[in-house]
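First comes the structure, then the notes that go with it.
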Protein chains: 2
Amino acid sequence: MAAQLDELDRKILGELQLDSSQSLDEIARKVGSSKTPVWNRIRRMREQGVITRQTAILDAEALGLEACFFVLIRTSEHEAEWQRKFLKTLRDRPEVLEAHRLAGDIDYILKVRVRNARAYDQFYQALISEVKIYNVTALLSMEEIKSTTVLPL
Amino acid sequence: MAAQLDELDRKILGELQLDSSQSLDEIARKVGSSKTPVWNRIRRMREQGVITRQTAILDAEALGLEACFFVLIRTSEHEAEWQRKFLKTLRDRPEVLEAHRLAGDIDYILKVRVRNARAYDQFYQALISEVKIYNVTALLSMEEIKSTTVLPL
DNA sequence: CATGAAATAACCGTAGG
DNA sequence: CCTACGGTTATTTCATG
């Protein structure tokens, strides 16, 4: 699964993570190469799936999404049908930005971005009405110290 | 803080979140407008800070970053100096993708992406040697059900 | 907001090391 | 696999009505 990347590939990825709107010439100059190899490598990494997509990162506060919760979920249900429905609910809900199945006594963790605490409660009520859940703990973020999509290379 | 955005602004943001490499013409066509207004609105939203930056999303697995942990931290220290050092450590560490200060009995939550469990342990040892921490719980992700940068508009 | 023109950049060859 | 160059097309950027 892990692609074999050399130092130049990593430098290119670093630049694209910092600012993907840079021109090929600019990236080439910064990584100490030229346009053609940079272009070929970017194309190759796209095809390999190393580069997933290109996106605009928006400011959640500026959009009025002022509340962020991490939700710890324990469930007693482990049937395939229950899980299928639960996962579909998470994927369909746009306020769920992250969802992971965990090892250990907590089964799932979610990251949820909403307008305010009231909107979180609406999400929570909708969630527990759709699928049976044993125990839920919501952790309210007071301050986003760091939030990045930049992966270490 | 929250910017006032109309329906067209939101549609444009939606397109940029889905794929920021689309041309202005393409975006304009999809949102039912034309090039000039779309361009002016994007520029305005950049200046306002609604659009933070443009980035390439990479596949962590393809880069060999196969382990993801959520780390729950309790501390007894609440001095300014301790906190300053703790936050600096988190910001400086590239494997820390998210860090939030929380309300309630858990003080902080981190999301950490590393090569494997061994690399997490190295991170953990480095962290507790740099700052005094009362209690740490690491939750290991078994499956990334969802992970998106797309905010609901 | 529309039109369109000028500058810039992407894309994709080819040749040569 | 790299550099270097060009040429076509696409796109951005901005002036003007």
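Throughout, a chain's letter reflects where its sequence line sits, starting with A, and its residues are numbered from 1. Computed from heavy atoms alone, side chains included, the values below leave out hydrogens, waters and symmetry copies.
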Between the protein and nucleotides 8-12 of chain C, list every N/O to N/O distance that falls short of 3.5 Å.
residue, atom, partner, partner atom, Å
C:dA10, OP1, A:L24, N, 3.1
C:dA10, OP2, A:L24, N, 3.1
C:dC11, OP2, A:W39, NE1, 3.0
C:dC11, N4, A:K35, NZ, 3.3

Item to check | Nearest-Å distance for atom pair CG/P, residues B:N40 and C:dT3 | outcome: 15 Å
Checklist entry - Taking only residues at least two apart or on different chains, which pairs with a member in residues 2-40 of chain A satisfy ring-ring contact (aromatic ring centres under 6.0 Å, His included)? => result none
Next on the checklist: Strictly by side-chain hydrogen bond (donor to acceptor under 3.5 Å, both in side chains), give each pair with a member in residues 113-124 of chain A just once, sequence neighbours left out.
Outcome noted: A:R113-A:E144
Checklist entry - Looking for any heavy atom pair under 4.0 Å, which part of the strands does B:P37 touch: base, sugar-phosphate only, or nothing? => result sugar-phosphate
Next on the checklist: B:Y108: which residues meet the ring pair (Phe, Tyr, Trp, His ring centres under 6.0 Å) condition with it, sequence neighbours left out?
Outcome noted: B:F86
Checklist entry - Considering only C:dC1, D:dC2, D:dT3, which nucleotide approaches the side chain of A:R41 most closely? => result D:dC2
Item to check | For B:E130, salt bridge (Lys or Arg N to Asp or Glu O under 4.0 Å) partners two or more places apart | outcome: none
Checklist outcome for this item: For residues 94-109 of chain B, the salt bridge (charged side-chain N to carboxylate O under 4.0 Å, His left out) pairs (sequence neighbours left out) are A:K111-B:E98, A:E143-B:R101, B:R74-B:D105, B:R93-B:E95
